[in-house]
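Quantities reported herein were computed from a predicted structural model and do not represent experimental measurements. All chains are named by letter (A, B, ...) in the order of the sequence lines, taking the proteins before the strands, and each is independently numbered beginning at 1.
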Amino acid sequence: MELASRYSPTGVEQKWYKYWEDKKYFKSVPDSREPFTIVIPPPNITGVLHMGHMLNNTIQDILIRRARLQGKNACWVPGTDHASIATEAKVVKMLRDQGIRKSDITREAFLEHAFEWKMKYGDIILFQLRRLGASCDWDRTAFTMDEVRSKSVIKAFVDLYKKGKLYRGNRMIHWDPEAKTVLSNEEVIYKEENAQLFHIRYALQDDPNISVTIATQRPETIMADVAIAVHPDDPRYQKLIGQKVLIPLIQKAIPIIADSYVELEFGTGALKVTPAHDQNDYEIGMRHQLEVVDILNEDGSLNSNAQILIGEDRFAARKKIKKLLDEAGVLVEIKDYQTNIGRSERTNAVVEPRLSLQWYVDSKQMAAPALKAVFENNIEFLPENMKNTYRHWMENIRDWCISRQLWWGHQVPAYYYDKELFVAETREEALFEAKKKIGESSFDESLFIQDQDVLDTWFSSWIWPISVFDGFSDSADFKYYYPTNVLVTGWDIIFLWVARMIMAGYEWMNEKPFHKVYFTGMVRDKQRRKMSKSLGNSPDAIALLDEFGADGVRFGMLSSSPAGGDLLFDEKLCDQGRSFCNKLWNAMRLIKSWNPKEQKTSMSDQLVLDWMEERIVEIYTESDRLIEQSKLSEALKLIYSFIWEDFCGFYLEALKPREEHFISLEVFDKTILFFDKICTILHPFMPFITEEIWHQLKDRMEGEDCMMSSYAEKKTMNTSLLDGIQEIRNVITQSKDLRNKHSIKLNVEVPLFIHQSEQGSILSVKGAKELIIKMAKLSDCTTTDSDISNAQSFIGLRNKYYILLPITMDVEQEKIKLLEEIKYALGFVDSIEKKLANERFMANAAKDLIDKETKKLQDGHIRLKSLKESLHALSIDN
RNA sequence: GGGAGAUUAGCUCAGCUGGUUCAGAGCAUCUGCCUUACAAGCAGAGGGUCACUGGUUCGAACCCAGUAUCUCCCACCA
């Protein structure tokens, strides 16, 4: 069977994914093994796979596959988030396209549409994750609004309420006029934007000739003004305090008050006080017992309290009122300035401060154990500096507004009868309580109504590590899998999600939800811009998978992605991943072309085999250590260069039969064994190609799959062998380089001489000679006791080497080269001698280090001597 | 306003507890090669005052102080 010279992931990836799934390799049930658990950060059902997901889930898959190879009971729980605001917006739009308005249908009808939408689109992203190779236990797929998760949410709410950690409060909140719901602080994104500052003149009620000029960015709210505030010490306004001014256009009289909140320097030093539409104004209003005039509707349009411009949207109203004020002659000036504007994370609408009655979680007491856990390193953060961010937020935590004026979500399990409030897990329970309190006889059930709001999406996410295992029902799964091992997520949701999960873990289970949090960076484009739909700079994830294959993309995502650091995505990296697949593929093709035969393994082959055996142990140990430290990209880079340089570049080249394809049985078998191990080591990173090669290499028994193989056993390493090969490779490179520099083609075979030193030479290693001759394309390789003056030379670890090239020597050039090397060697020796002569160094340095330095000094002296001899010989001969 | 981090090759970044075979990798560049697995390849090469200034130390890319530039987070004044 002829294999193409290029690896094609198409078909191969689908084949193996199905194979693994059919064999139920992703499935996990509690058993006696050690569990290794990850819960997925549930993607929104409105989402399609983007770069952030790919990065995130690649990392999770690597960790979970590695755990599986280590023999642990690996369990990766997938699922989706109902994404209250985002989904509701999508469904509203879908209905609008069908000519249906949300306001025209009932809550039940709307939810029916919404569930229908979810059924149709909600799991798309989970299928896209399969393309990436994600080895989730799909049987466990959870959804934040499915039965178990919904029950958990309600339980959590009722429990908190009973513990007195939930309350309703009438406060200034952030209102999203587009989604028509309240938002939590964390859902508002502030950004500096260009705005205008309007200076408007308010005339005194008693004397139209005197006026006060205020500065505002929102002139459309002047009708909601209830006072003008000035600083009590401001000399400009001293006489006016206590008097009244008229609001322009509507001529409403409002008092001038003094409040030290006002800054003298800003604007005109006079502040219009609008309690209904500004947090700080609200507080001023409270202090001065001012009324609250709300002139905005929930959609951001002006209501009848405004008296003018009723029904106009706030931004349209701003334009219009500007004209009106100008015509009235009260618009003094307009200044451009920059200010922070808060926008809704989901709809991007400018948020509106608004006074409203909402449900809150009393967060302060919950924060304490959550903060402690992280600072005592009971929960590890990666990168560590995220701890500071976390602490700052935790120490200044504000109560969490959890109610939302939406339909899609978990309806607040609170019920009202007249003015009485009943909170219970079911309507029946609440009803029972209500009747008990009110009295059965006078009870009118039609007056018994449930709270119309739903809960913040994050109120279901924060118990996700608990609810996916049905932890509130004390399940066996929960006991086995919780706490989970690691959470992999972006740092942008550290407050929205991570911090709250930790709080929830301690609140209900008195145990952390995960041991470690691996924060990934944001995926950015080459210009460092965050990838976003609106910029159009985000590549289509599926198209990428099609083009480069999942393994290629996984390689690309990971190869430049340290924890926490942002990833500058470049398709080139995926291309490099694809090339790597091709390299592996061709290594396999080479091995498959060999004809194993009963013959003795040559000495040089034996040397290479022994070396590779050591090298694999070394690479496994080192890469394992890196993964343990969560340095995944470094681990991958290490494995990559090992495979490319050592395995393909040296090992296979060294063993490759020159003309015939015959090879000794031992070499053949061992090579396959090595390749097996390499596949296993690489598998977590690039699962598809490794499984494919695994099966191409030889016929496997049932269940003998790369995904379920086991890691190489750790052994102590023979470092002298590793050093020996390093010297051999050095000699080979230098020999080739010298020929290259002198334009001697590689197929011109030339002799190499090794100057014997007291420690002998590399040729004392069995097989070294043959190996050097073969790899460096030499005619011969022998030792010598004297200097070869007409040859090109180079210095190895301990020996000097001469390569005899068919050229005439440039003596002067050679001398300069030697002098430079001598200079360096002198400095080197000198610095070590100084170091060793230093009492403080000898007293403080570890013994290991001193030994190492002593050895370095010896080597240095040998080199120096050899160099000097060469220079001497060169001078005498010429 | 408060806080965190960064500054190393043309670009993107490694460099763990200070120790001159550690100043590294990948990409890019240059030179030579279609050498029987791979041109998505092979053999090589060049390139850095480790932001700046001091200090600690026998020794500093690494520790300390200051300066400059940049990034991010939090809080927010109309």
(request) Show your reasoning for whether salt bridge (charged side-chain N to carboxylate O under 4.0 Å, His left out) applies to Glu645(A) and Arg729(A). (result) CA-CA 11 Å; Glu645(A) 302 296 331; Arg729(A) 291 177 72 175; 5.1 Å; no
(request) For the pair Glu634(A) and Lys637(A), find out whether any cationic side-chain nitrogen is under 4.0 Å from an anionic carboxylate oxygen. (result) no
(message) Other residues, nucleotides and ligands only: do more than 12 of their heavy atoms fall within 6.0 Å of CD on Gln279(A)?
(response) yes
(message) Does the protein touch nucleotides 3-12 of chain B at the base, only the backbone, or not at all? Give it as B, S and - per nucleotide, heavy atoms under 4.0 Å.
(response) -SS------S
(request) At under 4.0 Å between heavy atoms, which parts of nucleotides 22-29 of chain B does protein reach? Answer with one letter per nucleotide, 5' to 3': B base, S sugar-phosphate only, - none. (result) -S--SS--
Taking side-chain contact (heavy atoms from CB on, under 4.5 Å) as the definition, give me every residue that meets it alongside [X], ordered by chain and number, with sequence neighbours left out.
X: Ala654(A); result: Val608(A), Leu771(A), Met775(A)
X: Ser8(A); result: Thr10(A)
X: Val188(A); result: His174(A), Leu183(A), Tyr190(A), Val351(A)
X: Asp233(A); result: His231(A)

(request) Taking salt bridge (charged side-chain N to carboxylate O under 4.0 Å, His left out) as the test, write out the residues that go with Glu193(A), two or more places apart. (result) Arg343(A)
(message) What is the distance, to the nearest angstrom, from the CH2 atom on Trp594(A) to the P atom on rC38(B)?
(response) 14 Å
(request) Could you tell me the separation between the OH atom of Tyr7(A) and the P atom of rC38(B), rounded to a whole number of Å? (result) 19 Å
(request) Just need the stems in RNA chain B: three or more back-to-back Watson-Crick or G-U pairs, each with both distances under 3.5 angstrom, sorted by first number. (result) B:1-7 with B:68-74, B:10-13 with B:24-27, B:29-33 with B:41-45, B:51-55 with B:63-67
(request) Please identify each residue that fulfils side-chain hydrogen bond (donor to acceptor under 3.5 Å, both in side chains) with Glu352(A), with sequence neighbours left out. (result) Arg218(A), Arg314(A)
(request) Would you check if the distance from the ring center of Phe685(A) to the ring center of Phe555(A) is below 6.0 Å? (result) no
(request) Look at the side chain of Asn340(A) and the base of rC76(B), then say whether one donor and one acceptor between them are separated by less than 3.5 Å. (result) yes
What's [X] touching, base or sugar-phosphate or nothing? Going by heavy atoms closer than 4.0 Å.
X: Cys648(A); result: base
X: Arg398(A); result: sugar-phosphate
X: Tyr337(A); result: sugar-phosphate

(request) May I ask you to list the residues of residues 256-268 of chain A, by number, that have any heavy atom positioned under 4.0 Å from an atom of RNA chain B? (result) Tyr261(A), Val262(A), Glu263(A), Phe266(A)
(message) Test your reading of the model: is there a side-chain donor-acceptor pair from Asn340(A) to the backbone of Glu192(A), 3.5 Å cut-off?
(response) yes
(request) Sorted by first residue and then second, give each side chain to side chain donor-acceptor pair (under 3.5 Å) pair with at least one member in residues 258-275 of chain A; sequence neighbours left out. (result) Thr221(A)-Lys272(A), Asp225(A)-Lys272(A), Asp225(A)-Thr274(A), Asp259(A)-Arg287(A), Asp259(A)-His288(A), Tyr261(A)-Asn280(A), Lys272(A)-Thr274(A)
Identify every side-chain donor-acceptor pair in residues 573-590 of chain A under 3.5 Å, counting partners at least two apart or on other chains, and give the distances.
residue: Asp575(A); atom: OD1; partner: Arg578(A); partner atom: NE; Å: 3.3
residue: Asp575(A); atom: OD1; partner: Arg578(A); partner atom: NH2; Å: 2.6
residue: Gln576(A); atom: NE2; partner: Tyr640(A); partner atom: OH; Å: 3.3
residue: Arg578(A); atom: NH1; partner: Glu547(A); partner atom: O; Å: 3.3
residue: Ser579(A); atom: OG; partner: Asp575(A); partner atom: O; Å: 3.1
residue: Asn582(A); atom: OD1; partner: Tyr7(A); partner atom: N; Å: 2.9
residue: Trp585(A); atom: NE1; partner: Ala4(A); partner atom: O; Å: 2.8
residue: Asn586(A); atom: OD1; partner: Arg589(A); partner atom: NE; Å: 3.0
residue: Asn586(A); atom: OD1; partner: Arg589(A); partner atom: NH2; Å: 3.0
residue: Asn586(A); atom: ND2; partner: Ser5(A); partner atom: O; Å: 3.0
residue: Asn586(A); atom: ND2; partner: Asn582(A); partner atom: O; Å: 2.9
residue: Arg589(A); atom: NH1; partner: Leu3(A); partner atom: O; Å: 3.2

